[in-house]
Participant: 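Here's a structure for you.
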Amino acid sequence: MNTAALTTEKSENGLASFESEIRRHLNFTLGHHAKNASHSYLYVAAALAVRDRLVANWRETQQRTAEADTRHVYYLSLEFLIGRSFTNALYSLGLDDEMHSALHDYGVRLEELAEEEHDAGLGNGGLGRLAACFLDSCANLQLPVVGYGLRYEYGMFHQRIEEGRQVEEPDHWLRDGNPWEIERPEDERKIQFYGRSELYYDEQGVHHCRWVDTQDVIAVPYDVPTPGFHNDTVNTLRLWKATATDVFDLSEFNAGGYTESVREKNLAEQITMVLYPNDASENGKELRLKQQYFLVSASLQDVLAKWIDKHGEDFSEFGKKNCFQLNDTHPACAVPELMRLLMDVHGMSWEQAWKITTHCMAYTNHTLLPEALERWSVALFSRLLPRLTEIIFEINRRFLMEVEAKWPGDEQKRKEMSLIEEGHNPHIRMAYLAIVGSFSVNGVAQLHTELLKAGLFSNFHQMWPRKFNNKTNGVTQRRWLSHCNPGLRNLINETIGDAWETDLSKIEELLPHAGDAEFRERWRLVKLENKRKLARYIADKTGVIFPEEAIFDVQVKRIHEYKRQLLNVLHAIHLYDRIRRGDAEGLTPRCILIGGKAAPGYHVAKLIVKLINNVANVINNDAQVGDLLRIVFLPNYRVSAMEVICPGTELSEQISTAGKEASGTGNMKFMMNGALTIGTLDGANIEIREKAGAENFFLFGLDAQQVQETRQQYEPNKIIAADSDIRRVMELLESGTFNTHEPGIFDILIGGLRNPSDQWLTLADFRSFIDEQQRANDTYQDAQVWNRMSIVNTATSGFFSSDRTISQYADEIWGVGAVR
Ligand code: 26Q
């Protein structure tokens with residue numbers, strides 16, 4: 001055989017050009033003719049060709065990491081909102097040009113083929129997307145971090161709008177197969193549920209506990225590659241799928257229990273069937289607790305098994321060499337589960353096990369809403385996880401002795417801080433469990449961390465001040481600027497080089513160019529092209545035309561009262577009212593885009609969606625409005641939609657009631673892409689404003705402190721009566737203008753606005769919002785000024801890279817460095 005001919009064709013990794021590798025996958029992996037293959041097959045073949053290029057580096061990274069004598073970090077999260085992987089992997093490998101030309105031979109453009117990929121929607125919103133950005137940054141920084149999550153058969157639901165209302169449809173994202181995962185049946189783990197805890201004595205007469213008569217489920221891992229940027233590192237996201245144990249219970253079988261066994265198989269597989277679509281906790285669902293424990297137990301067993309492979313039963317260094325970052329309390333069962341595994345399976349004493357556990361658990365909080373803190377009824381918990389419940393009660397008993405030692409005789413303190421909320425139906429407080437079991441507790445923006453320390457967790461902060469720390473969120477500039485905005489990326493690269501792609505602090509070098517009129521003009525043209533692309537996308541999905549000379553004003557995020565999409569709608573109604581009453585002098589044409597999903601059981605949020613659509617219908621079809629105003633609700637907002645939206649956005653709406661949004665991360669994506677923010681002093685908005693400069697930010701509304709004070713004496717009806725603009729908006733709403741054929745449907749929303757105990761203080765901020773929107777309106781009229789501000793926003797966004805956030809986690813919590 002002529003091996004020389006082969007080696008000239010194939011590179012050292014044994015792979016030929018994309019062109020022929022795609023052909024090979026079409027022919028042999030998928031069994032298709034390369035000629036006139038459908039786009040969906042072509043996509044899979046191309047994705048497999050890209051995956052092949054990752055595999056060698058993936059194996060090498062795993063080997064290097066396993067051998068490295070550093071700490072290993074495990075990011076435990078019920079959600080990883082990855083979105084699409086195809087072009088992301090290509091950019092990371094630096095192979096996008098090669099793929100471009102390979103696809104040319106198949107007569108399809110890369111961008112077009114990329115549309116074939118379903119989003120991996122394994123998350124609700126911010127928390128899930130943050131986990132995905134973090135994995136990207138960990139790979140970029142070559143950190144020994146593995147993500148552990150669940151492989152939901154159905155991800156975040158698909159949202160359709162029917163007569164203005166949200167309709168949910170299942171998202172069967174795996175239907176056409178998933179080229180981005182590799183099943184690893186050799187690493188399956190057994191997970192126990194129900195049963196009871198039993199005491200027994202070993203040969204030495206020492207007593208131990210074991211968990212018996214359980215119903216078992218198998219966890220099978222699927223590994224997803226996470227490529228670093230141009231650095232040969234490929235990290236791993238390991239997602240667990242639930243399946244039944246394949247040992248059929250023979251006695252049951254013989255007793256005619258065959259169908260019963262099959263039913264059990266179905267029950268087992270339910271565990272990873274569907275993502276819970278609530279972004280604020282809906283408490284108490286048994287299946288949700290099963291999901292949480294399933295993830296935690298499988299992942300901990302996985303880590304312990306690998307530890308034992310290398311160190312045998314010597315756990316003396318385990319706490320020093322491993323760290324579990326808990327993404328909110330959803331995986332907080334990791335605390336008692338690690339205790340159980342160390343004591344019941346590996347024979348450790350309570351003291352040894354506790355020392356290890358509290359040396360390797362770290363907890364991140366993502367919410368300030370007290371009602372969103374996770375609680376589980378002891379009754380449910382102890383039925384499903386009896387042994388874990390015992391352990392939690394013992395953790396609590398010992399912890400309350402510490403409380404007693406710090407505040408002797410203070411019964412109230414012990415009640416407040418107990419891991420068990422007493423009452424006729426006692427509950428386990430998962431956040432307290434996470435705090436007690438962790439060496440680090442962090443918030444996700446400066447204000448958020450301060451409010452946690454002073455509010456929700458103040459007792460714990462007094463007890464352990466040094467446990468608490470802040471890690472302001474960030475987003476990956478590779479997906480959220482470089483890949484999604486090639487126009488701006490190229491302009492930036494021509495101007496300051498491309499070092500910012502791996503070190504976003506370098507983007508600051510753009511700052512002097514904000515003063516250069518010629519640069520500003522090029523910036524404007526890129527932005528205009530992005531606006532056109534966004535307008536085409538919106539027209540395609542909704543039929544509504546966004547005129548390109550208008551200001552593109554965008555709010556995309558989960559629909560929630562505290563995020564105040566309602567305030568945004570009120571402003572749209574106000575502008576409409578001005579146009580109708582002939583007061584449009586000086587009005588800049590404006591296109592308002594709102595998108596986001598409402599939790600299926602959150603009726604008020606769904607009503608807000610309906611209101612947005614109804615208001616849009618009236619405004620967009622009123623001839624008097626002309627091109628001055630548009631408002632659109634974009635259905636099915638998701639990661640891939642944001643990749644088109646943020647480059648084309650000019651004004652970013654971050655208008656939550658101050659003190660409610662933990663951080664926000666969409667705000668950072670918009671800033672990076674040169675949008676100006678109109679926002680409250682909430683979450684990371686505060687830090688965005690600090691970095692950009694107050695003069696480059698549209699600030700309105702009460703701050704967190706003032707929100708507290710206002711609550712005592714809030715009289716929305718007085719505000720309405722005293723302000724004719726606000727009064728007219730309320731009159732329009734109440735007149736039925738937006739619901740002519742559906743009288744009364746918005747009464748709940750109107751009643752909320754007028755209610756003195758309205759939690760979100762929408763009308764308290766309305767005047768200030770109108771005024772600041774007017775200032776944005778006026779600023780926009782001078783394109784020179786606006787574009788200068790836009791450039792400054794991008795140039796000062798360096799701090800909001802998740803690379804910076806992850807460097808801080810690595811240095812200040814994990815104590816890990818790069819493995820190269
Ligand atoms: C809990 C129990 C049962 C079912 C669902 C849940 C659940 C699921 C998801 C509770 C909360 C979430 C998600 C929360 C979330 O996304 N929080 C956001 O996290 C971002 C990243 O830190 C912040 O930027 C946002 O401010 C915060 O709202």
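What's counted below: heavy atoms across the whole structure, side chains too, no hydrogens, waters or symmetry copies. Order of listing sets the numbers, starting from 1, for every ligand and every atom in it.
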Participant: Does this structure show an ion pair linking Asp803 with Arg478, if we count only N-O contacts that are shorter than 4.0 Å?
Facilitator: yes
Participant: Inspect the contact between Arg429 and Glu374 and indicate whether a charged nitrogen and a carboxylate oxygen are less than 4.0 angstrom apart.
Facilitator: no
Participant: Do you see a donor-acceptor pair shorter than 3.5 Å between the side chains of Asn124 and Lys597?
Facilitator: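 Asn124 vs Lys597: no donor-acceptor pair found between side chains.
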Participant: Does a side chain donor of either Trp760 or Ser656 reach within less than 3.5 Å of an acceptor in the other side chain?
Facilitator: no
Participant: Just list the N/O pairs, ligand 1 to protein, that are under 3.5 Å apart, with the distance for each.
Facilitator:
from, atom 1, to, atom 2, distance (Å)
ligand 1, 16 (O), Leu127, N, 2.9
ligand 1, 22 (O), His366, ND1, 2.6
ligand 1, 22 (O), Asn473, OD1, 2.8
ligand 1, 24 (O), Gly664, N, 2.8
ligand 1, 26 (O), Glu661, OE2, 2.6
ligand 1, 26 (O), Ala662, N, 3.3
ligand 1, 26 (O), Ser663, N, 3.0
ligand 1, 26 (O), Gly664, N, 3.1
ligand 1, 28 (O), Tyr562, OH, 3.2
ligand 1, 28 (O), Glu661, OE2, 3.1

Participant: Give me each pair satisfying ring-ring contact (aromatic ring centres under 6.0 Å, His included) with a member in residues 361-381, each pair once, sequence neighbours excluded.
Facilitator: none
Participant: Charged N to carboxylate O below 4.0 Å: is that the case for Lys241 and Glu269?
Facilitator: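 Not counted as a salt bridge, because no side-chain N and carboxylate O are separated by less than 4.0 Å.
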